[in-house]
Amino acid sequence: MTISKEQVRAIEFSDLPKRFDVPEREAHWRKMWDELGIHEHDHSQPRERNYVIDSPPPTASGSLHPGHIFSYTHQDIIARYRRMTGWNVVYPMGWDDNGLPTERRVQNYFNVRCDPDQQVEPELAAAQNINKTRAVLDSLRPHKERIKDPLPIAREDFIRICHFVTEEDEQAYKDLFNRMGYSIDWGEEYATIDDRSRRIAQRSFLDLDQKGHVYTAELPTMWDVDFQTAVAQAEVEDREKQGAYHDIEFAVENPGPGDPTSFVISTTRPELLAACVGVTAHPDDERFKGLFGKHAIIPAFFSRVPIFPSDKADPEKGTGILMVCTFGDQTDVEWWREEGLALKPMLDKDGRVRHMEYGDEWEAVPGYEDRAKENFGQLIGKRVNQAKRITVELLQDPANSATGNGAPMLGEPKPISHPVRYYEKGDNPIEYLTSRQWFVRLLDKKDGLQSKGEEVRWRPDFMHKRYANWTDGLNADWAVSRQRYFGVPIPVWYPLNEHGERDYGNYIVAPEDMLPVDPTATPPPGFSEEQRGKPGGFDAEVDVFDTWFTSSLSPQIVARWGDEDDRMAQLFPMDIRPQAHDIIRTWAFYTIAKAMLHQDDIPWRNAAISGFIIDPDRKKMSKSKGTAVTPLPLVERYGADAVRYWSSNGRLGMDMAYDESVFKIGAKLVTKLYNAGKFVLSQTGSQGEITNELDKAFVAELKEVVRRATAAFDEYEFAIALQVTEEFFWSGFTDNYIELLKGRTRSDDDMEGRASAVAGLRLGLSVMLRLLAPFIPTITDEVWSWVFADETDFESVHMAPWPAKSANPTEAGMLDGYSLPNAHSLAAVPDPENGNSFTAACEAIAAVRKAKSEAGISLGKPLSSLVLLADEQSRADLTLVLPDVAAAGGAPEVQFNGAAGASADARFVAEIEPLEE
RNA sequence: GGGCGAUUAGCUCAGCUGGCUAGAGCACCUGCCUUACAAGCAGGGGGUCGCAGGUUCGAGUCCUGCAUCGCCCACCA
């Protein structure tokens with residue numbers, strides 16, 4: 001054994017500040033990482049060396065929330081781990097800025113509304129920022145005293161303002177993400193509204209059209225009356241609302257002998273009575289059997305509607321017989337289609353009752369036309385709630401009876417609580433309106449969607465069920481058109497016939513080389529702008545795509561599908577989609593659907609599903625309930641590492657309580673690493689190898705920790721990796737190993753032992769820093785920079801290799817090309833002679849501490865005598881490490897007493913004699 | 001009504017394919033200013049592992065049923 005005379009590179013203890021200045025150093029390291037380019041990837045690498053993350057583009061106008069930090073930190077941990085294990089990590093970031101949230105924010109913020117009939121305001125076009133825009137808008141308001149009314153502005157102006165607002169919102173996200181130390185490659189930034197995304201989204205439409213997967217049709221569709229747009233099944237949610245049953249008597253036309261002359265329906269939507277087009281009951285229901293095939297006369301509006309049987313009617317519900325309206329709910333739509341009922345659309349797109357002459361347009365029974373018209377006239381222009389109130393009043397008037405039995409409404413409304421469908425971003429219930437929309441055919445592809453879902457590795461596994469259930473329950477094709485403005489235009493025009501009517505059957509799709517295109521600004525090939533809107537000319541589709549239509553293409557957008565073939569081959573399919581479980585049915589589902597339809601492939605191999613952040617009272621945190629906390633102040637108070645530590649403890653798929661005490665633990669870990677790093681790196685000694693039994697035994701334990709952490713990471717169980725590492729760092733490394741070595745690191749007699757101790761401490765620190773680097777990147781890099789950066793030639797711990805090869809066999813070898821000096825290599829350390837040496841030493845020193853603690857004396861108090869009661873085996877395990885145990889106990893030597901003596905809950909019991917002063 | 005998850009110390013959570021006297025951190029109590037760290041160290045108290053059955057030599061761990069909470073879906077007269 002030769003000991004090099006060369007000294008290890010040590011730091012001067014006093015050179016470092018007593019406390020770690022978190023804000024200052026975090027800012028420093030963010031800058032350093034930027035300069036070192038740790039987040040950048042090598043564009044020349046083939047698919048198999050790349051690890052591609054399909055990062056979720058946040059909704060630009062959404063509010064910042066601790067949930068963002070939670071799930072985005074998970075991605076960053078994975079990204080950093082993968083980099084250290086040798087992958088060429090591609091970590092892009094996008095912004096999902098088109099869609100309703102942005103429009104709504106602009107409407108509220110500037111008090112404007114988009115009106116496509118308005119002319120563009122040159123002054124607005126000139127205003128290049130938010131403040132100027134606001135000033136111009138104020139100057140345009142006709143009545144300053146009546147600023148309550150939203151100012152109508154042109155589509156072009158409206159879209160421009162949306163862009164301003166999203167840019168500002170994106171900056172807020174970007175600031176937070178940077179502050180959190182996320183290793184996002186900002187060179188790979190995109191927005192779902194930018195030219196490339198628009199081109200690829202429109203290309204998606206072209207491809208779907210070519211393959212016959214899209215169609216346009218006029219159908220009853222779920223409609224939001226406030227936003228005045230169609231919405232998709234996936235965007236609808238149920239809310240429990242107060243409603244009331246209204247019992248209303250209908251007359252039977254020409255009842256047979258023994259049949260009832262009237263019946264009573266029970267409805268929560270009396271306001272739709274005028275739109276009643278049928279009545280149904282269960283075919284086996286004895287009460288109504290004789291009525292099937294006959295007609296009923298509705299009160300107040302006196303129209304004649306068929307009575308038909310349907311097994312979808314539940315005899316137990318209400319009165320067992322019910323009215324079918326166009327349209328009260330999804331079942332009404334089905335009845336209407338299956339029974340070929342009349343279409344009586346009662347509501348306009350704004351949710352108000354249509355202007356219409358009842359009795360003329362819709363037939364009332366002879367003699368009652370005027371009464372029907374008069375009654376309906378009271379409803380025209382009213383919103384649903386008001387119409388409901390008026391209808392109830394009408395029904396309380398005996399004059400409106402269809403039977404002559406008195407008031408058609410029986411009794412008072414009976415309040416109930418029932419689920420009502422809402423657009424998830426809306427404030428008023430969904431209505432079913434008939435309108436022309438574009439659809440992507442999905443109902444005929446459930447099998448394919450299911451098998452693609454099975455090809456994806458869902459993490460945790462049970463999240464696959466969410467996808468499978470949703471796919472199984474799909475009951476409508478995907479409505480992709482939205483009657484909005486800030487979005488990707490549908491690249492379609494319609495030829496106009498000689499009457500100026502659209503020929504929907506012969507729609508014109510933009511050719512590939514025109515993309516991205518705005519059909520409202522550009523004529524289709526073969527037409528000139530002058531022909532727009534003219535008979536024999538053309539007309540543009542004004543609708544835009546549903547925002548999911550574009551965001552579901554995030555893998556294709558990042559991989560530049562159709563633009564750069566080699567890049568597509570390098571990045572697609574991607575490796576991982578991190579996202580939350582609430583949008584499995586939307587984002588994950590649509591992304592899988594698009595990859596299947598376009599590439600006949602899965603979009604990514606793994607879906608990592610994060611949980612939610614919940615309040616202490618077990619509710620999902622939400623801004624609307626005022627329970628959400630703004631994340632930035634948290635980062636300012638505790639530091640990014642501490643906040644990341646909190647996130648790191650949340651396992652995939654599991655909801656986690658918002659608990660600030662966990663931030664404090666993270667902050668403690670940061671402090672501990674700083675101090676431990678200072679201590680370890682200030683120890684001086686010869687540059688030597690690890691030869692001492694205790695040091696070798698410590699390294700053996702460390703190897704096991706690395707193995708377990710790596711295995712956990714490969715299964716995306718980063719929380720377990722952190723737990724294993726942190727536990728060993730705290731109790732194995734700092735509380736025991738460092739304490740056991742304090743004697744030997746200062747020894748002037750045992751130079752070889754001292755060199756081994758210093759080498760063991762440094763190797764331990766080096767490995768700990770690397771294992772913790774994905775979680776708490778700042779403090780680990782700070783400590784790494786003091787000595788190890790020079791020593792290893794890895795300027796940042798985030799560029800250094802993970803201390804083990806990935807345990808996943810398919811990923812073995814990803815560390816090729818890295819090399820570290822022996823001083824940082826676990827493999828270079830030989831195994832200990834006794835595998836129990838380290839544990840035994842820790843337990844022995846614990847016995848000494850317990851004795852000192854019970855005696856009420858300082859742990860540093862020197863001893864004149866130390867006797868350990870232990871059995872034969874335990875004594876043997878300690879044999880090779882006795883000097884370190886004695887030194888750590890403050891005793892000249894360790895003596896043993898008896899083979900028995902160890903109590904039931906400890907292998908060692910210490911008897912101590914303090915040294916008299 | 002269907003599906004999925006959760007239920008372990010006062011709080012937040014670990015306990016993987018069944019094999020310990022059930023663990024950690026926070027909080028609590030006691031002691032220690034020990035030359036990396038008092039934002040620290042050491043010691044201690046605290047749980048019939050939601051309930052009831054079952055399988056097994058042995059069950060937080062597997063099976064069945066139930067309860068409570070949460071999420072997703074369906075219902076929406």
Side-chain angles (χ1 to χ4, degrees), chain A residues 13 16 18-20 237-238 241 243 245-246 265-269 272 279-281 312-314 317-325 328-332 416 418-421 429 460 462-470 472-475 581-582 584-585 611-612 614 616-620 646 649-651 653-662 664-665 667-683 708 711-712 715 717 719-720 723-724 726-727 730-731 734-735 738-739 742 746 846 848-862 890 904-905:
Chain A
F13 199 79
L16 290 169
K18 171 118 175 114
R19 300 248 158 135
F20 182 54
E237 64 185 23
D238 288 349
K241 289 287 170 183
Y245 275 125
H246 299 71
I265 62 115
S266 198
T267 181
T268 55
R269 300 212 52 191
L272 293 179
V279 168
T280 187
K312 281 185 206 133
D314 179 357
K317 233 171 202 169
T319 54
I321 188 163
L322 66 126
M323 67 169 181
V324 178
C325 309
D329 62 28
Q330 182 70 39
T331 337
D332 282 350
I416 54 156
H418 67 153
V420 179
R421 287 201 147 158
F462 66 79
M463 287 298 179
H464 174 240
K465 279 272 181 188
R466 298 271 181 95
Y467 174 86
N469 284 349
W470 171 258
D472 189 47
L474 209 60
N475 61 29
H581 54 73
D582 56 334
I584 288 175
R585 64 175 181 159
F612 283 139
I614 51 180
D617 67 4
R618 302 261 135 211
K619 293 279 189 295
K620 183 186 166 188
W646 164 75
N649 276 292
R651 309 172 61 192
M654 298 297 161
D655 293 345
M656 202 170 81
Y658 176 79
D659 182 358
E660 289 198 24
S661 69
V662 181
K664 291 180 189 156
I665 301 166
K668 273 170 64 173
L669 178 62
V670 169
T671 303
K672 191 74 174 176
L673 260 177
Y674 183 72
N675 287 314
K678 270 203 303 195
F679 175 77
V680 166
L681 293 172
S682 61
Q683 302 305 304
R708 289 172 60 198
E715 287 302 312
E717 292 278 13
I720 292 177
Q723 192 188 319
V724 166
E726 188 191 7
E727 151 75 16
W730 216 278
S731 72
T734 63
D735 289 349
I738 288 180
E739 294 303 323
K742 276 186 176 168
R746 298 182 189 116
V848 178
R849 285 177 189 141
K850 183 164 181 171
K852 286 182 173 176
S853 185
E854 281 169 359
I857 61 177
S858 156
L859 297 178
K861 180 88 176 167
D905 47 36

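Only a predicted model underlies this, so the values are computations on that prediction, with no experimental measurement involved. Labels below follow one simple rule: chain letters A, B, ... track the order of the sequence lines, proteins then strands, and each chain is numbered from 1. Note that these values count all heavy atoms, side chains included, but never hydrogens, waters or copies made by symmetry.
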In whole Å, measure the gap between the [atom1] atoms of [N] and [M] for me.
{"N": "U35(B)", "M": "C51(B)", "atom1": "P", "value": "49 Å"}
{"N": "G47(B)", "M": "A24(B)", "atom1": "C1'", "value": "14 Å"}
{"N": "G43(B)", "M": "C49(B)", "atom1": "P", "value": "27 Å"}
{"N": "A22(B)", "M": "A9(B)", "atom1": "P", "value": "14 Å"}
{"N": "C4(B)", "M": "G60(B)", "atom1": "P", "value": "25 Å"}
{"N": "U8(B)", "M": "G50(B)", "atom1": "P", "value": "6 Å"}
{"N": "C41(B)", "M": "G46(B)", "atom1": "P", "value": "24 Å"}
{"N": "A14(B)", "M": "U30(B)", "atom1": "C1'", "value": "27 Å"}

Strictly under 3.5 Å: I want the nitrogen or oxygen pairs between protein and nucleotides 8-11 of chain B, one per line.
none

Exam field: side chain Lys852(A) to backbone Lys861(A), donor-acceptor pair closer than 3.5 Å: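 Pair found, side chain donor or acceptor close to backbone of Lys861(A).
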State, yes or no, whether a side-chain contact exists between [X] and [Y] at a heavy-atom distance under 4.5 Å.
{"X": "Asp329(A)", "Y": "Asp332(A)", "value": "yes"}
{"X": "Thr267(A)", "Y": "Tyr245(A)", "value": "no"}
{"X": "Asp238(A)", "Y": "Arg421(A)", "value": "yes"}
{"X": "Asp655(A)", "Y": "His581(A)", "value": "yes"}
{"X": "Leu669(A)", "Y": "Trp730(A)", "value": "yes"}

Minimum-distance pair of heavy atoms, taken over all atoms of Ala281(A) and Gly320(A):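 Looking at all heavy atoms of both residues, the closest pair is CB-O, 3.6 Å.
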By side chain to side chain contact (heavy atoms under 4.5 Å, CB included) - contacts of Ile665(A) (at least two apart):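 Ile665(A) satisfies side chain to side chain contact (heavy atoms under 4.5 Å, CB included) with Tyr645(A), Glu726(A) once adjacent residues are dropped.
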Partner set under side chain to side chain contact (heavy atoms under 4.5 Å, CB included) for Ser682(A), not counting sequence neighbours: Ile11(A), Phe13(A)
Which whole-number value in Å describes the distance from [X] [atom1] to [N] [atom2]?
{"X": "His418(A)", "N": "G1(B)", "atom1": "NE2", "atom2": "P", "answer": "19 Å"}
{"X": "Glu237(A)", "N": "C73(B)", "atom1": "CD", "atom2": "C1'", "answer": "13 Å"}
{"X": "Phe612(A)", "N": "U12(B)", "atom1": "CZ", "atom2": "C1'", "answer": "20 Å"}
{"X": "Lys664(A)", "N": "C26(B)", "atom1": "NZ", "atom2": "P", "answer": "12 Å"}
{"X": "Gln330(A)", "N": "A74(B)", "atom1": "CD", "atom2": "P", "answer": "9 Å"}
{"X": "Asn469(A)", "N": "C73(B)", "atom1": "CG", "atom2": "C1'", "answer": "7 Å"}

Geometric class of the Tyr674(A)/Phe20(A) ring pair [parallel <30°, tilted 30-60°, perpendicular >60°]: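 Rings of Phe20(A) and Tyr674(A): tilted, as their planes differ by 30° to 60°.
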Sugar-phosphate or base contact per nucleotide [nucleotides 35-42 of chain B; S, B, -; heavy atom under 4.0 Å]: -BBSBSSB
Nearest-nucleotide comparison on RNA chain B, the residue closer to the 5′ end among Glu854(A) and Arg585(A): Glu854(A)
Of Ile857(A) and Asp314(A), the one whose closest RNA chain B nucleotide lies more 5':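 The 5'-side residue here is Ile857(A).
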Partners of [X] by salt bridge (charged side-chain N to carboxylate O under 4.0 Å, His left out), sequence neighbours excluded?
{"X": "Glu854(A)", "answer": "none"}
{"X": "Lys312(A)", "answer": "Glu334(A), Glu338(A)"}
{"X": "Arg651(A)", "answer": "Glu717(A)"}
{"X": "Lys742(A)", "answer": "Glu739(A)"}

Are there any protein N/O atoms within less than 3.5 Å of an N/O atom in nucleotides 14-18 of chain B, and if so, which ones and at what distance?
unit_1	atom_1	unit_2	atom_2	d
A14(B)	O2'	Gln723(A)	OE1	2.9
A14(B)	O2'	Gln723(A)	NE2	2.6

Side chain of Arg466(A) (C-beta onward), nearest among C26(B), C4(B), C76(B):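 It is C4(B).
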Shortest side-chain distance from Asp655(A), nucleotide among C26(B), G70(B), C13(B): G70(B)
Reckon [X] touches a base, only the sugar-phosphate, or nothing at all at heavy-atom distances under 4.0 Å?
{"X": "Gly318(A)", "value": "nothing"}
{"X": "Met656(A)", "value": "sugar-phosphate"}
{"X": "Arg421(A)", "value": "base"}
{"X": "Ser858(A)", "value": "base"}
{"X": "Ala719(A)", "value": "nothing"}
{"X": "Tyr674(A)", "value": "nothing"}

Syn or anti for G44(B) (syn when the glycosidic angle lies within 90° of 0): anti
Check: Asp582(A) side chain, C71(B) base, donor-acceptor under 3.5 Å: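 Looking at the base of C71(B), it does not pair with any donor or acceptor on the side chain of Asp582(A) (distance under 3.5 Å).
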Which residues share a side-chain hydrogen bond (donor to acceptor under 3.5 Å, both in side chains) with Arg585(A), sequence neighbours left out: none
ring-ring contact (aromatic ring centres under 6.0 Å, His included) involving Phe679(A) - partner list, sequence neighbours excluded: none
Stems formed with participation of RNA chain B [Watson-Crick or G-U wobble, under 3.5 Å, three or more pairs]: B:1-7 with B:67-73, B:10-13 with B:23-26, B:28-32 with B:40-44, B:50-54 with B:62-66
